[in-house]
Every structure is written in structure tokens, then in C-alpha cells.
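Heads up, the thing below is written out as C-alpha cells.
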2 protein chains.
Amino acid sequence: MEPHEPDLTVVPVTSVLAALADDVRLQIVRALAEGGESACGSFDFGVSKATRSHHLKVLREAGLTRTRAAGTSRLVRLRRDELDKLYPGLLDAVLTQRPPA
Amino acid sequence: MEPHEPDLTVVPVTSVLAALADDVRLQIVRALAEGGESACGSFDFGVSKATRSHHLKVLREAGLTRTRAAGTSRLVRLRRDELDKLYPGLLDAVLTQRPPA
DNA sequence: GGTGTTGTTCGATAGTTGTCGAACAAGGGT
DNA sequence: ACCCTTGTTCGACAACTATCGAACAACACC
């Protein structure tokens, strides 16, 4: 089954924003931005693997990530080039860690 | 009663993004970005005034807008300067109308 | 003081979403 | 062949959210 990675231009802006508007998913995106392509299992942010899988699906279907199989693992990476081209400044604005309240 | 307009630095990024991740609210923000300060009633996007009031509250409490009374109306404006300073590129990336699919 | 305009607030409701455990699937190694 | 690791999928459930009509509040104006 194809992993359903849509063309970014057909994804509504609100879907992209909604995908980023979750704490767990934002941590995943930050980890990807810093660490590059990573296995799903490397994102241990206090949720079960079912929940993690769900969040990765949301990110993928919002056009934020790409996934490829590698043995028993799956490697995920940020579609940064496309995102920066279509929404310049979005990722930069969102990824920089904010002051601790 | 104070309209509860929080300091932007204490609003979680996810709240800002969630506020923008709705079609009606995005239309309101776009209208504000283009038309400047406007009365609540000027945002007629096919929802009831109760719903409109709800969306304006979400935007206000996410730190995106400021509201002041003016007679029987209430004038709403975008907190663009603060947003651009704290999240440079965010609004620009989101406000530009996307290609029609 | 009454009437109309403009918004807000209050239930209520339907839909969406985040979360989990359990079951399942696909590989790799021994 | 067996088992372990790695992920996905499947209900199920709680929490949140978008929406509405109706009731209420504040102000202006006659």
C-alpha cells in the first residue's frame, strides 16, 4: 500500500497548520529538523507506539514528511525544501524553541 | 470584564497554530490583514453570529487579535507587529492566497 | 422609556481528535 | 521454523471543537 504522501500544493493550509498544532507532532518535527531522517521508534515522547504511529500518519498525510521502508524499520524525513518553497518562513517560525514561558 | 488578551510570549505555539488551523478563522485573519481594524459584524463568512463570536474569541485568546469597544460595535485588529517579531514569516507564509488546488 | 443594532453567553448537539491496549503484519537473526 | 523487533490497524473511549438558536447585555437614537 502506498504511504499516501500528497502533493503539498493540494493540501489545504489549514491541514498543514493543524498537523503542526499538536505538541507531540511538533516535537517530532523538531527532532526531524535537527536529526534528519530517523526511524519511527526514535520519537519517544511519552506516548504509546500506537499514538506515535497515528501522529506520524497525520504528518505524512498533511504533506510534512516522507516515509520509506528500511528493514523492519521505517525512516521518516521532513519535506523541508518543498515546505520552505511553498510556505517560506513557516517552519523557521515554528521550529525555533520559544522562551520557557 | 477584560477581554483576556494574553501576552504573546506566554501563548504556546500550538495554540497560535491551532487558532490559524480553521478555515473561518483564517478568512477573518486575512480580512484583518488586508482591511485593517474592522467591526466583528464585517466578517460574514456563512456562519451565525454566535459562531463568529466564538472564532473571534479563539483568535483573541491565542494572542492573534486585539479588541476594543466602539459604541455598540467592537473593533478587532491583528497584532501583526508582535506576531512578526515573535514568529517571523508565519503570517506571511499563511496569509498569501494559495493556488486554487 | 422603548426600539433597534451589535455582540456575547448559554445549553445542546454532532463531529473530530488524542489516547490506549490488543491484535496483526513484515523482516531479521539465530 | 521460531522468536524478537518494529510498526500499523482496529475498536473503544474521553476530551475537545464547530455549530446553532435563543436568551441576554450594552449602547445609540428617537
In whole angstroms, how far is the [atom2] atom of [N] from the [atom1] atom of [X]?
X: R68(B); N: dA26(D); atom1: CZ; atom2: C1'; answer: 17 Å
X: R60(B); N: dG7(C); atom1: CZ; atom2: P; answer: 13 Å
X: F43(B); N: dT6(C); atom1: CZ; atom2: C1'; answer: 14 Å
X: D23(A); N: dC16(D); atom1: CG; atom2: P; answer: 15 Å
X: R52(B); N: dG7(C); atom1: CZ; atom2: P; answer: 7 Å
X: L56(B); N: dT9(C); atom1: CG; atom2: C1'; answer: 14 Å
X: L75(A); N: dT5(D); atom1: CG; atom2: C1'; answer: 15 Å
X: L59(B); N: dA18(D); atom1: CG; atom2: P; answer: 10 Å

For the pair K85(A) and E82(A), evaluate salt bridge (charged side-chain N to carboxylate O under 4.0 Å, His left out) and give the outcome as yes or no after the intermediate values. CA-CA 5 Å; K85(A) 176 169 278 182; E82(A) 303 168 68; over 6 Å; no
Under 3.5 Å, N/O pairs linking protein and nucleotides 15-18 of chain C:
{"from": "dG18(C)", "atom 1": "OP1", "to": "R25(A)", "atom 2": "NH2", "distance (Å)": "3.1"}
{"from": "dG18(C)", "atom 1": "OP2", "to": "R25(A)", "atom 2": "NH1", "distance (Å)": "3.4"}
{"from": "dG18(C)", "atom 1": "OP2", "to": "H54(A)", "atom 2": "NE2", "distance (Å)": "3.3"}

Just to confirm, is there a sub-4.0 Å distance from OP1 or OP2 of dG7(C) to any side-chain nitrogen or oxygen of S73(B)? yes
Between C40(B) and G46(A), whichever has its closest DNA chain C nucleotide further toward 5' is C40(B)
Whether E5(B) and R60(B) form a salt bridge (side-chain N of Lys/Arg under 4.0 Å from carboxylate O of Asp/Glu) is what I want to check. no
With the threshold set at 4.0 Å, does a side-chain nitrogen-carboxylate oxygen contact exist between K49(B) and D44(B)? no
Identify, with sequence neighbours excluded, every residue that meets side-chain hydrogen bond (donor to acceptor under 3.5 Å, both in side chains) alongside S42(B). none
Pairing residues for E37(B) by the side-chain hydrogen bond (donor to acceptor under 3.5 Å, both in side chains) criterion, not counting sequence neighbours: R68(B)
For nucleotides 24-29 of chain C, tabulate all protein N/O to nucleotide N/O atom pairs closer than 3.5 Å, reporting atom names and distance.
none

So if I take every side-chain heavy atom of K57(B) and compare against dG7(D), dC20(C), dT9(C), which nucleotide ends up nearest? dT9(C)
Pick base, sugar-phosphate or nothing for A39(B), based on heavy-atom distances below 4.0 Å to the nucleic acid. sugar-phosphate
Results of side chain to side chain contact (heavy atoms under 4.5 Å, CB included) for A50(A) - residues two or more places apart only: S48(A)
Check whether any side-chain heavy atom of L56(B) lies under 4.5 Å from a side-chain heavy atom of T67(B), and answer yes or no. no
Please determine which of V29(A), T65(A), L64(A), L90(A) meets the side chain to side chain contact (heavy atoms under 4.5 Å, CB included) test together with L83(A). L64(A)
For residues 12-22 of chain A, tabulate all N or O donor-acceptor pairs below 3.5 Å that involve a side-chain atom, not counting sequence neighbours.
{"from": "D22(A)", "atom 1": "OD1", "to": "V24(A)", "atom 2": "N", "distance (Å)": "2.9"}
{"from": "D22(A)", "atom 1": "OD1", "to": "R25(A)", "atom 2": "N", "distance (Å)": "3.1"}

